[in-house]
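Report on the structure given below.
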Amino acid sequence: MVTPDAHTRRQILKAAIGGAAGLVLGAPVRGLAASAAQAASGTAATQQLSDDLFVVTLPGEANVIAHTTRGGVLLVDGGSAAASDALMKAVTALPGGGPVDTIFNTHWHPEQTGSNEVLGKAGKTIIAQENTKLWLTTDVTWSWNGKHFKRLPKIAQPNKTFYTTGKLESGIQYGHIPDAAHTDGDLYVHFPQQNVLAVGDVVSGQGWPVVDWQTGGWIGGIVGGLQRLQTIANAETRIVPGRGPVLSLADIKKQAEMYGEIYNRLSQMLNKGRGPSEAVDARPTKEFDAQMGNGDEFVRRSFESLWAYLSPDA
């Protein structure tokens with residue numbers, strides 16, 4: 001995997017820590033009632049962002065962006081393997097929909113890469129950051145719960161990778177988010193004509209995110225990633241997270257302040273020699289839990305993630 005530059009990341013964080021104690025978030029868990037109704041019906045929910053751009057969500061699945069073109073459909077993420085057939089049917093039924101030609105994997109998790117095998121067998125283009133491909137070529141086990149993820153077969157692995165940025169002939173831009181907010185292979189996809197930014201699980205619009213420190217993610221990277229996205233988006237940009245409703249630049253700024261404050265609190269505890277359980281007991285997310293949900297698991301994983309990036313005297 002690409003070795004992170006911890007010094008640079010600490011510099012990025014300096015502008016974000018502090019100043020969020022009185023923060024009032026928008027509504028990161030809004031839309032849950034609609035999601036429950038959707039799950040009960042078992043149907044795909046579709047939100048149209050423009051004539052040719054849609055957010056497709058199946059019950060219990062992550063958001064998928066579908067861009068319909070004459071040459072085929074481009075997807076950002078492909079849901080889980082269990083939902084792949086239903087997703088392809090939903091995409092085909094979209095206005096201007098049809099067969100998928102290209103898919104981006106925003107990171108390696110199974111909730112995003114479940115359609116890789118069927119598309120790989122069909123000879124379609126699977127684009128991912130190089131680190132994501134590396135994770136998909138090896139078995140991964142999460143230390144905190146023992147959950148095991150088997151490597152994908154070669155046909156399902158990304159067949160087009162990049163390190164920093166890229167651009168399709170259509171003008172769609174994409175790039176690595178090197179801060180390691182969720183994993184060390186996070187990417188964004190920017191649709192400039194529609195002013196839409198797809199960011200995968202670098203941003204959560206529905207409760208606390210998973211901090212996958214096993215594959216490079218960390219709490220400081222969440223702050224850095226949210227700051228980085230602000231340099232790509234503008235006030236009118238619609239930002240599509242891995243889960244939850246479409247967000248605005250104002251939402252991203254509020255989240256950056258919140259996570260910056262949490263990072264500050266956790267790093268101070270680390271520097272005082274505290275451990276994960278003590279961090280949970282200190283309730284560093286207490287003023288945000290009413291809107292985000294119980295923060296215990298998030299705090300524990302976030303604190304553990306600091307071990308890989310910070311030393312007590314950092």
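What you are looking at is a predicted structure, and each value in this text was computed from that prediction instead of being measured. Residue numbers run from 1 in the order of the sequence given.
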Do [X] and [Y] make a side-chain contact, defined as non-hydrogen atoms from C-beta onward lying under 4.5 Å apart?
X    : Y    : answer
T137 : Q157 : yes
Q227 : D179 : no
P178 : R228 : yes
L249 : Q230 : yes
F104 : I65  : no
L266 : P284 : yes
P209 : I222 : yes
I127 : T125 : yes

Provide the closest heavy-atom pair for [X] versus [Y] in the form atom of the first, atom of the second, distance.
X    : Y    : answer
A62  : T57  : O-CG2, 4.4 Å
P276 : E304 : CG-CG, 4.0 Å
V56  : A90  : CG1-CB, 4.1 Å
G295 : T285 : CA-OG1, 3.8 Å
A233 : L197 : CB-CD2, 4.3 Å
S84  : G114 : CB-O, 4.0 Å

When rounded to the nearest 0.5 angstrom, what distance separates [atom1] in [X] from [atom2] in [Y]?
X    : Y    : atom1 : atom2 : answer
S302 : Y263 : OG    : OH    : 11.5 Å
S170 : L74  : OG    : CG    : 7.0 Å
R274 : D281 : CZ    : CG    : 11.5 Å
L75  : F54  : CG    : CZ    : 12.5 Å
Q193 : S50  : CD    : OG    : 9.0 Å
D52  : T69  : CG    : OG1   : 8.5 Å

Requested in this report: For the pair E130 and K133, evaluate salt bridge (charged side-chain N to carboxylate O under 4.0 Å, His left out) and give the outcome as yes or no after the intermediate values.
Outcome: CA-CA 5 Å; E130 181 66 18; K133 180 174 182 177; over 6 Å; no
**Report entry** Step-by-step side-chain contact (heavy atoms from CB on, under 4.5 Å) determination, V73 to D101
**Finding:** CA-CA 5 Å; V73 177; D101 179 71; over 6 Å; no
I'd like to know if [X] pairs up with [Y] as an ion pair, taking the criterion as any Lys NZ or Arg NE/NH1/NH2 lying under 4.0 Å from an Asp or Glu carboxylate oxygen.
X    : Y    : value
E261 : R265 : yes
E297 : R300 : no
K121 : E117 : yes
D201 : R243 : no

Query raised in the report: Which residue pairs pass the salt bridge (charged side-chain N to carboxylate O under 4.0 Å, His left out) test when at least one of the two sits in residues 139-159, sequence neighbours left out?
Result: D139-R151
Does either side chain, that of [X] or that of [Y], offer a donor lying less than 3.5 Å from an acceptor on the other one?
X    : Y    : value
N131 : W108 : no
S143 : Q214 : yes
N195 : N234 : yes
H107 : T132 : no

Query - side chain to side chain donor-acceptor pair (under 3.5 Å): pairs with one or both residues in residues 70-83, sequence neighbours excluded - result: E61-S80, D77-T106
Query raised in the report: Can you tell which of F303, W144, W218 makes a ring-ring contact (aromatic ring centres under 6.0 Å, His included) with W213?
Result: W144
Report task. Tell me, yes or no, whether the heavy-atom count around D85 atom CG, taken from other residues, nucleotides or ligands under 6.0 Å, exceeds 12. Result -> no
Requested in this report: Take atom CD of E278 as the centre, draw a 6.0 Å sphere, and report whether it contains more than 12 heavy atoms from other residues, nucleotides or ligands.
Outcome: yes
**Report entry** Audit row: N294, W208, side-chain contact (heavy atoms from CB on, under 4.5 Å) steps and yes/no
**Finding:** CA-CA 8 Å; N294 183 283; W208 296 110; over 6 Å; no
Donor-acceptor pair, side chain of [X] and main chain of [Y], under 3.5 angstrom:
X    : Y    : value
Q194 : V196 : no
N264 : G260 : no
H190 : I172 : no
Q129 : Y163 : yes
D186 : G200 : no
N159 : K124 : yes

Requested in this report: Let me see the working for R301 and V210 under side-chain contact (heavy atoms from CB on, under 4.5 Å), right down to the final yes or no.
Outcome: CA-CA 8 Å; R301 297 289 86 79; V210 173; over 6 Å; no
Query raised in the report: Between I232 and V223, is there a shared hydrophobic cluster once you connect ILVMFWY residues whose side-chain heavy atoms come closer than 4.5 Å?
Result: yes
Query raised in the report: Does F149 share a hydrophobic cluster with I155, counting links as ILVMFWY side-chain heavy atoms below 4.5 Å and allowing steps through other members?
Result: no
Query raised in the report: Yes or no on side-chain contact (heavy atoms from CB on, under 4.5 Å) for S248 and D251, after CA distance, side-chain angles and deciding distance?
Result: CA-CA 5 Å; S248 68; D251 293 323; 3.2 Å; yes
Report task. Give the intermediate values and the outcome of ring-ring contact (aromatic ring centres under 6.0 Å, His included) for residues H67 and F191. Result -> CA-CA 9 Å; H67 181 225; F191 299 86; 5.6 Å; yes
Query raised in the report: Under the criterion side chain to side chain donor-acceptor pair (under 3.5 Å), which of D184, T113, N105, T183 is the partner of W135?
Result: D184
Report task. Only one of L247, L229, V240 passes side-chain contact (heavy atoms from CB on, under 4.5 Å) with V199; say which it is. Result -> L229
Query raised in the report: With Q47, which residues qualify under side chain to side chain contact (heavy atoms under 4.5 Å, CB included), at least two apart?
Result: L49, V55, V246
Query raised in the report: Does the gap between the ring centers of Y188 and Y174 come in under 6.0 Å?
Result: no
